[in-house]
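Accompanying notes for the structure given below.
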Amino acid sequence: MRTNKVIAILSAAALLPSTMLISGASAGEAFAAAAELTRNAAYISAGVPLPASKENNTEATPPTTQRTDVDIPAASSAAQTTSASTSDSQSVLPDETIESEPTEATPQKAVAISRNITEHDDGLDYSAAGKNSGEIIRKTYGASKSRDYIALSSGAYVRNCTEDDNELLLSAAQQLPDLDIELNSPEPQVLIVHTHTTESYEPYTRSYFDEDFPSRSKDSSHNMVAVGEMLANTLADNGISVLHDGTIHDYPTYTGSYDRSEETIRAALEEYPSIKIVIDLHRDAMLDADGSRIAPCVEIDGKSAAQFMIIAGCDDGRFNMPDYIENFKLAALLQNSAELMYPSLARPVLFDYRNYNQHITTGSLLIEVGSHANSLEEALYTAELLGESMAAALSVLE
């Protein structure tokens, strides 16, 4: 969707205001620099050459800043994968000897490991019109005028539903999470699980819902596993290795789903100590007062995408989660990257007194992709866009 150079520039732009502010620059200087990076990315995406440098008349390079905890690469990429092509090889005659200079080994490619994904046919007709049981309302969510909403450097928002001070969260959002991501690693850096695995979507985009059409399915091609597969593959395509576990945790019993998914997470972390980030991927269920169903959505590049929402939990003493602010730093990083690359794709981050197994690691988040009124097509498109913006964000943690 985007070139590697665009992703690199945008990921730097997401962090530039906070890093410049920390280093002593004014707010105006910081945001002007971020705006220039974003504009350069737009030029490249459109195939327009960047403006020439005044000093040497060469291609302009984005400004860089220094931090004590990270160097942001000006022209690095989360996607450095390559593939060998048999058409590049040369046939050699039996008696012929060819001497050549030694070549560098093919760079390691990121991997997406999928497991515990079961095949199940739920017998549903996904093309049927069904009955009109009520309206589906399509909305794009942003911030409200409430003081609970905090603006981040990218223009994205956090909804603070806790007693934690807004200034504390703004300060944390300007810091990188203490996570070291290895790009193009043979070992997974990210774990994707689904506590509510059977959550599913509308069969296609429509203006009404059929109350007889179930919003849950064990069919992995139509529930959260399909969305997780898209996210995992997109991350791997952009240099982030992933373990995607499709274990069903909410069937046949819904109660205790988080206890069962915690067992899955801990087993994966023991098997792969390389994992730094745990994403529990869900979809929301949103209803209006009159019973209408709400589909949070936004148009990106001419296609409808389901808005996603990051939930970062806060501990008020009930959850044994003393380092919850580290999870929040990761949420802010991902939110900024998504806003710069795909404006309004993300609903405001929900920062609330929740646990959702986020006590297990300091890189744990829950992400809701759309609602039960969105179509599977919209959710899959969002997973692709989310994977690209997430990979761009994680590339600065190398």
Side-chain angles (χ1 to χ4, degrees), residues 139-175 177 179 192-196 199 224 249-250 254-259 261-262 265 277-289 294 296 306-339 344-372 374 382 386 390 393:
K139 290 185 178 180
T140 300
Y141 285 86
S144 78
K145 295 181 179 179
S146 167
R147 66 175 302 275
D148 295 339
Y149 285 83
I150 308 168
L152 300 180
S153 60
S154 64
Y157 284 87
V158 173
R159 183 185 178 194
N160 180 13
C161 297
T162 75
E163 294 299 318
D164 281 18
D165 188 76
N166 286 355
E167 293 303 319
L168 169 68
L169 296 184
L170 278 174
S171 175
Q174 293 173 353
Q175 303 171 44
L179 300 168
I192 299 172
V193 298
H194 313 282
T195 295
H196 298 153
E199 290 175 331
M224 295 313 303
H249 299 109
D250 59 341
Y254 186 83
T255 303
S257 298
Y258 280 97
D259 293 333
S261 63
E262 179 173 357
I265 293 169
I277 293 170
V278 179
I279 301 296
D280 191 355
L281 203 62
H282 293 243
R283 65 109 176 99
D284 211 341
M286 304 173 68
L287 297 173
D288 210 349
I294 300 174
Q307 284 185 296
F308 73 85
M309 180 175 69
I310 300 172
I311 301 179
C314 178
D315 190 2
D316 58 358
R318 294 177 291 166
F319 304 132
N320 189 29
M321 195 166 57
D323 298 321
Y324 64 87
I325 204 69
E326 292 300 316
N327 290 331
F328 175 75
K329 291 177 185 177
L330 176 61
L333 176 65
L334 300 186
Q335 187 83 353
N336 278 327
S337 182
E339 182 64 21
S344 298
L345 179 62
R347 294 158 60 191
V349 172
L350 176 60
F351 183 71
D352 200 0
Y353 296 118
R354 314 285 178 99
N355 176 259
Y356 298 142
N357 285 330
Q358 293 179 17
H359 61 287
I360 300 176
T361 76
T362 55
S364 296
L365 295 172
L366 187 147
I367 300 181
E368 307 258 22
V369 178
S371 81
H372 61 338
N374 287 103
T382 296
L386 173 60
M390 185 182 297

For [X], check side chain to side chain donor-acceptor pair (under 3.5 Å) against everything at least two apart and list the hits.
{"X": "D288", "value": "none"}
{"X": "D352", "value": "R354"}
{"X": "T361", "value": "S364"}

Across all chains, not counting sequence neighbours, the ring-ring contact (aromatic ring centres under 6.0 Å, His included) partners of F308 are none

Y324 meets the ring-ring contact (aromatic ring centres under 6.0 Å, His included) criterion, sequence neighbours left out, with none

If I compare all heavy atoms of [X] with all of [Y], which pair ends up nearest, and what's the gap?
{"X": "G363", "Y": "N327", "value": "N-OD1, 3.2 Å"}
{"X": "N320", "Y": "H359", "value": "O-CB, 3.6 Å"}
{"X": "P348", "Y": "Q335", "value": "CA-NE2, 3.8 Å"}

Q) Would you call H372 and L287 a side-chain contact if the rule is heavy atoms closer than 4.5 Å? A) yes

Looking at side-chain heavy atoms only, is the closest gap between H196 and S257 below 4.5 Å?
yes

In I277, L333, I367, the residue satisfying side-chain contact (heavy atoms from CB on, under 4.5 Å) with M390 is I367

First locate atom [atom1] of [X], then atom [atom2] of [Y], and finally report the distance between them rounded to the nearest 0.5 Å.
{"X": "L365", "Y": "I279", "atom1": "CG", "atom2": "CD1", "value": "5.0 Å"}
{"X": "E339", "Y": "L334", "atom1": "CD", "atom2": "CG", "value": "13.5 Å"}
{"X": "I310", "Y": "F351", "atom1": "CD1", "atom2": "CZ", "value": "13.5 Å"}
{"X": "Q175", "Y": "L330", "atom1": "CD", "atom2": "CG", "value": "13.5 Å"}
{"X": "M321", "Y": "I360", "atom1": "CE", "atom2": "CD1", "value": "11.0 Å"}
{"X": "N355", "Y": "L366", "atom1": "CG", "atom2": "CG", "value": "10.5 Å"}

Would the distance check show the side chain of [X] and the main-chain N or O of [Y] forming a donor-acceptor pair, the cut-off being under 3.5 Å?
{"X": "H249", "Y": "Y258", "value": "no"}
{"X": "H194", "Y": "L281", "value": "yes"}
{"X": "N160", "Y": "D148", "value": "no"}
{"X": "N336", "Y": "S154", "value": "yes"}
{"X": "E368", "Y": "D284", "value": "yes"}
{"X": "Q307", "Y": "S344", "value": "yes"}
{"X": "T382", "Y": "A306", "value": "yes"}
{"X": "S171", "Y": "L168", "value": "no"}
{"X": "D280", "Y": "T195", "value": "yes"}

For the residue pair N357 / S261, report whether a side-chain donor-acceptor contact shorter than 3.5 Å exists. yes

| Is it true that atom CG of D165 has more than 12 heavy atoms of other residues, nucleotides or ligands lying nearer than 6.0 Å? | yes

- Aromatic plane relationship, Y356 with H282 - under 30° parallel, 30 to 60° tilted, over 60° perpendicular: tilted

For residues 306-326, the salt bridge (Lys or Arg N to Asp or Glu O under 4.0 Å) pairs (sequence neighbours left out) are D316-R318, E326-K329

